[in-house]
Amino acid sequence: MVNSLAEIAQKLHTCRSVLITSHHAPDGDAIGSILAMGLALQQLNAAALMFSADDVPKRYQFLVGADKIITHSLPTQDFDCVLALDCADKNRLQPIWDKIENKMIINIDHHPTNDLFGHLNYVDHTAAATGELVFALLQELGCRLDVAIAEALYVAISTDTGSFKFASTSARTHRIAAELLAAGVNPGTLSPLIFDLRSRAALAVLRQALAKLSFSADGRIAWIALTDDDMQQAQAAEEDVNGIVNYAKNIEGVEVGLLFREQADGTTKVGFRAHQTDVGKVAASFGGGGHKLASGCSLREDLQTAVQKVLAAVSEEISQ
Ligand SMILES: [Mn+2]
């Protein structure tokens, strides 16, 4: 934790203008946390700018305030403080780090690999989502939980817990969710938008992926290797591959599921999902990171070499 929420709330009150941001390729926790924080500061009449280095995924664009998130280039308005949400280290803020490193940085996160890169840090890896920590901060700030904020936090928490299914889901997670429902969240209308609705491109790329499913000789590792060409053919965007790695993981007998994606620049992105094996450690050994059972990395290798290297490292970790 390092700093208390009270210290962070106090600092926020003294900032003239706050840039609220999260990691590139934002997920539900990133977007939901940015929005909840942005709406809350607005409510407190504090100057806040919401920023994402990449586009807001389509499935989260219905959220109130999502159209106010500035994307790609930093806003021209000045800010003296940065609220970095759900970022384990400065690499996660890479596209903008050079431009923010001399500002006051407040780091709020739940990744166990967080290296406390902020001037103020509130890091709690027992939280299932950064949204849980934002919820606590909003209480500290004395902010009113309106429907828009509650929906943003519900998106953050329900997506990062895979619909309250992951081991990280705690009694606290459910208590916060109960508060969000009491504030007006309707899971029946939100869940289909967040979890079920798929673009045609997402289905097209899933079809390619399933056709390429491979297994290790002992059946403990299942992986999918997608070429850049597969992505082009399916006309798939980054967000269309979300969740595909779970198809590999959730097969009988499989311990670790992997998704390899060839990038246009010749590098390969890898997503790891495991039942028990510490794939956070494996991803970290390749310069990536994440959680014990869900992690990712990027290799400066072609697809085939990346598959060989990562499979070797994963089987090594499984046999430990
Ligand atoms: Mn998160």
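We count ligands from 1, going down the list as the structure has it; atoms in each ligand are counted the same way. In this text the structure is predicted, and so the values were computed from the model without any measurement.
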**Study point:** Asp86 atom OD1 and His110 atom NE2 as seen from the Mn ion (ligand 1), angle to 10 degrees
**Key:** 80°

Exercise for review: Tell me, please, whether Phe260 has Lys269 positioned over its six-membered ring: NZ or CZ under 6.0 Å from the ring centre and within 45 degrees of its axis?
Suggested key: no

**Study point:** Distance-only donor-acceptor check, side chains Asp86 and His23, under 3.5 Å
**Key:** yes

Exercise for review: Using only N, O or S atoms, tell me which atom of Asp160 is closest to the Mn ion (ligand 1).
Suggested key: OD2

Point to revise | Ser17-Gln77 side chain donor-acceptor pair, cut-off 3.5 Å | key: no

Practice item. Would you please say whether a donor-acceptor pair under 3.5 Å links the side chains of Asp89 and His111? Key: no

Practice item. Considering just N/O/S atoms, say which atom of Asp29 is closest to the Mn ion (ligand 1). Key: OD2

